[in-house]
**Q** 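The structure under discussion is supplied below as structure tokens; questions concerning it will follow.
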Protein chains: 4
Amino acid sequence: MVTKGDKTKQRILEVAASLFWKRSYHGLNMNTISEAAGVNKATVYGYFPSKEALALAAIENYHQYVQTQIFDTVRQATDHPIAQLEMVYQAFHAATQAVYEHDGICPGCPFVNMVTELATENPALRAKIQGCFDRVGEFYRQLVRSAKQQGLATADLDEESTVRGLIAVMNGAFIASKIHNSPDEILKMLPAARRLLTS
Amino acid sequence: MVTKGDKTKQRILEVAASLFWKRSYHGLNMNTISEAAGVNKATVYGYFPSKEALALAAIENYHQYVQTQIFDTVRQATDHPIAQLEMVYQAFHAATQAVYEHDGICPGCPFVNMVTELATENPALRAKIQGCFDRVGEFYRQLVRSAKQQGLATADLDEESTVRGLIAVMNGAFIASKIHNSPDEILKMLPAARRLLTS
Amino acid sequence: MVTKGDKTKQRILEVAASLFWKRSYHGLNMNTISEAAGVNKATVYGYFPSKEALALAAIENYHQYVQTQIFDTVRQATDHPIAQLEMVYQAFHAATQAVYEHDGICPGCPFVNMVTELATENPALRAKIQGCFDRVGEFYRQLVRSAKQQGLATADLDEESTVRGLIAVMNGAFIASKIHNSPDEILKMLPAARRLLTS
Amino acid sequence: MVTKGDKTKQRILEVAASLFWKRSYHGLNMNTISEAAGVNKATVYGYFPSKEALALAAIENYHQYVQTQIFDTVRQATDHPIAQLEMVYQAFHAATQAVYEHDGICPGCPFVNMVTELATENPALRAKIQGCFDRVGEFYRQLVRSAKQQGLATADLDEESTVRGLIAVMNGAFIASKIHNSPDEILKMLPAARRLLTS
DNA sequence: GATGAATGAGGATTCATTCAT
DNA sequence: AATGAATGAATCCTCATTCAT
């Protein structure tokens, strides 16, 4: 059963996740989070023992979201690897575009943002995000295998480096959108990703 | 003529650049910088009017370094695009490896780190780094053109998306090294970059 | 209902007002204020967003005090303009005397102190204090009108310049007390004020 | 003989005096002074041992200026007390007006500014300025005596309180100009001063 | 006679966190 | 289940002052 406290915790988590996405870890403070969630600061600490714990929970929240709302959805929508790849980029673009229209900024990828900012000073967070990307890698691995099976990629295509490259291009796409403050940079990266998968 | 002050300023700049590379902008404070440079905090402010100005100068310092020590050097060493690509990745790997052996961390790319952390809150810095990547794009554009001319890439290879993809893969490589805290991730990204360029 | 926080805020305000009276704006720091109020510096900032805001609130606090505790009280005590003038100077003298006995200094007038120090660099504060003196002017205007009605002043006495002069003499009295570090300078200014009003 | 050093010292002094007039003591720093004087900060310290000493010298400089350029000049221009009073106010207004047109601010009276800001924390400066006002008092005392002799004031006019009042009105005039940020406030105070002297 | 270079101490402000209620 | 109130420690930055040259 969902108690009132569960709902409060969930609200804090979602508000925090949204803010951690748009701002840097150090650039976001607990005051802003509690105010945006409409609760007292002490309430936040009642559910999450520290800012770091909240950030970790936000990461996990994103992970669930990406897996279920994007990767699972895409897998269910089509078997075609290229179509899947396109759908993924469309989804990332749409999310970025929505933030851009609302806030005028391109937030990038929450995993990349956090790990880039904190990897060298917070091993726990780095390890957590490494785990998230392992599962992202599984999605791309399936994609590569499907492409081979469906004859879209040559049989000798190296799986390891292709998966690696697809993740890199995806992360690079998010960074490009931040650098140029333009959501379209994400879509413009699709040809490169497609070529990695198919040629 | 190089005065004592010039040398002090240069020392502060290099120390700051090194630290901004290894730590996040917000995670690094002016105290640490001044101590590492062996000068008083007020001395730092005597040469750089603010933390932001110092970070901007550090960015410019990196930009010069990358252009002259890496891209120019590589261009002078060989005309072969694939060899050039390999040399670039070797250089990035070597720099990362050196830090890793000394500090146990993978610092990633200073441009990517800064822009990822600060793009949404500091337009000046974002614009500055955008300019840096414009020049990085010029290098990759030459690479693509050379590859076409030398018959290493097909004539119909799309220049725009390939340059974009090569930058993305490079940035993705730095991020992968941070995520896995492993310098080798940079070298392991080379095959993907090579395929983008040649196939 | 008066909460604990309200009381803390009021205590901070009164302590700050008292200190801003005795010391210059720049010569007083937030540390001293928070310590004198018996709270942490961050607590002060929890109630007042900046030193300037606190100074402005202190000004308003003095304004209320002067209007209610001095001008209103005097008006209620007597209808006689000269008696009112004397009571006002007595009140200013008594306040100055109290500080003098306690601290050995003549603090002057908080409005004059602040505006003299900050008028050229802080337009908001200047405007605020201008508003306070507008209301002081209203008191003196009533005084002049009463004096005319009661035949204590000639009918052709110029209201404007007399009000202006009475404010100037009052402010000049506070300054004289600071210059000579002697509370009695305030009382010694009464004859001049009286002549302005009646002759 | 006037050495190069003498000229430098004089330039520093005049620049400092001008700046101390327009800004508060704490609001003006030694950097600004040395830059405005076109010399190195250490040069300033070569001629004046401290900021306080420089301020004291600036006060003395103003004192000389007021005595010779204003009071002596006025005395030489006319024997008529009221004309003298008017000339003094005209001079103060002209000086204020000049600053106002150049900087958009009313600087007030340097003696009043300094003593108001620093009297409670700097006894030496307070005493110095007290001495300046003693000599200002002498001017007004002469004025009152002349007025009596010339039948412009009644013989029983109290000298003490009138001198006191004239100084107060003059200081109050400067403060009024600061409060309203309007040079004309000085001229508008003339009627009150005149009435103190003559009625 | 003048300056380039440097600094110790302090100043306003912020932040993650705690605890009594 | 939630909050009002409070804080220790830091953070960016400034300033009067010094000294070797």
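Each chain gets a letter, A, B and so on, in the order its sequence line appears, and its residues count up from 1.
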**Q** With heavy atoms under 4.0 Å as the rule, sort D/Ile12 into base, sugar-phosphate or nothing.
**A** nothing
**Q** Could you state the CG-C1' distance from D/Asp6 to E/dA2, rounded to the nearest angstrom?
**A** 15 Å
**Q** Tell me: CD of A/Glu52 to C1' of E/dT17, nearest whole Å?
**A**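 Checked: the CD to C1' distance equals 14 Å.
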**Q** Which nucleotide sits closest to the side chain of D/Thr8: E/dT18, F/dC12, E/dA2?
**A** E/dA2
**Q** Let me know the distance between CE of B/Met1 and P of E/dG4, rounded to the nearest Å.
**A**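 Atom CE in B/Met1 sits about 12 Å away from atom P in E/dG4.
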**Q** Between C/Gly5 and B/His26, name the one whose nearest nucleotide on DNA chain F is closer to the 5' end.
**A**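 It is C/Gly5 whose nearest nucleotide is closer to the 5' end.
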**Q** For F/dA2, take OP1 and OP2 only and decide whether either is under 4.0 Å from a side-chain N or O of A/Tyr47.
**A** yes
**Q** Send over the distance from A/Tyr25 OH to E/dC15 P, rounded to a whole Å.
**A** 13 Å
**Q** F/dT18, F/dC12, E/dC19: which one has an atom nearest the side-chain heavy atoms of A/Ala42?
**A**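 Looking only at heavy atoms from C-beta outward on A/Ala42, the closest nucleotide is E/dC19.
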**Q** Taking C/Lys51 for the side chain and C/Leu28 for the main chain, is one N or O donor matched with an acceptor at less than 3.5 Å?
**A**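 Between the backbone of C/Leu28 and the side chain of C/Lys51 there is a qualifying donor-acceptor contact (under 3.5 Å).
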**Q** Ion pair present between B/Lys41 and B/Glu35, side-chain N to carboxylate O less than 4.0 angstrom?
**A** no
**Q** Could you tell me whether the side chain of C/Glu117 and the main chain of D/Asn113 form a donor-acceptor pair under 3.5 Å?
**A** no
**Q** Name the residue closer to the 5' end of DNA chain F, choosing between A/Arg11 and C/Lys9 according to the nucleotide with the nearest heavy atom.
**A** A/Arg11
**Q** So is B/Lys9 actually on top of B/Phe48's ring, under 6.0 Å and inside 45° of the axis?
**A** yes
**Q** Nearest to the side chain of C/Lys51 - E/dT3, E/dT13, F/dT3?
**A**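 Closest of the options to the side chain of C/Lys51: E/dT13.
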**Q** May I ask you to verify whether the side chain of C/Asn29 and the base of E/dG11 hold a donor-acceptor pair under 3.5 Å?
**A** no
**Q** Report which part of the nucleic acid B/Ile33 touches: base, sugar-phosphate, or nothing (heavy-atom distance under 4.0 Å, all strands).
**A**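 It contacts nothing in the nucleic acid.
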**Q** Once you round it to whole Å, what is the distance between P of E/dT7 and CE of B/Met30?
**A**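 Computing the B/Met30:CE to E/dT7:P distance gives 14 Å.
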**Q** Looking across every strand, which nucleic acid part, if any, lies under 4.0 Å from B/Leu54 by heavy atom: base, sugar-phosphate, or nothing?
**A**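 Nothing: the residue B/Leu54, judged by heavy atoms under 4.0 Å, touches no strand.
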**Q** Between the side-chain atoms of D/Lys41 and the base atoms of F/dT17, is any donor-acceptor pair under 3.5 Å?
**A**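 When only heavy-atom distances are counted, D/Lys41 does reach the base of F/dT17 through a donor-acceptor pair under 3.5 Å.
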**Q** How long is the line joining NZ of B/Lys4 and C1' of E/dA5, in whole Å?
**A**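 It works out to 6 Å between those atoms.
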**Q** Quick one: do the C/Asn29 and C/Thr32 side chains pair a donor with an acceptor below 3.5 Å?
**A** yes
**Q** Any donor-acceptor pair under 3.5 Å linking the side chain of C/Asn40 with the backbone of C/Ser34?
**A**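 No, the answer is negative, given that no donor and acceptor are paired below the 3.5 Å cut-off.
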**Q** Measure the distance from CG on A/Asn31 to C1' on F/dA5 and round it to the nearest whole Å.
**A** 13 Å
**Q** How many Å lie between OH on A/Tyr45 and P on E/dA20, as a whole number?
**A** 18 Å
**Q** Anything under 30° is parallel, anything over 60° is perpendicular, the rest tilted; go ahead and classify A/Tyr25 against A/Phe20.
**A** parallel
**Q** Answer yes if the side chains of C/Glu14 and C/Asn61 hold a donor-acceptor pair under 3.5 Å, and no otherwise.
**A** no
**Q** List DNA chain F stems (3 or more consecutive Watson-Crick/G-U pairs, under 3.5 Å)?
**A**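 Listed by first number, the stems are E:2-21 with F:2-21.
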**Q** Would you indicate which nucleotide in E/dT13, F/dG4, F/dC12 comes nearest to any side-chain atom of A/Asn40?
**A** F/dG4
**Q** With a non-hydrogen cut-off below 4.0 angstrom, is A/Phe48 in contact with a base, only sugar-phosphate, or nothing?
**A** nothing
**Q** Should B/Thr3 be listed as having a side-chain N or O under 4.0 Å from OP1 or OP2 of E/dA5?
**A** yes
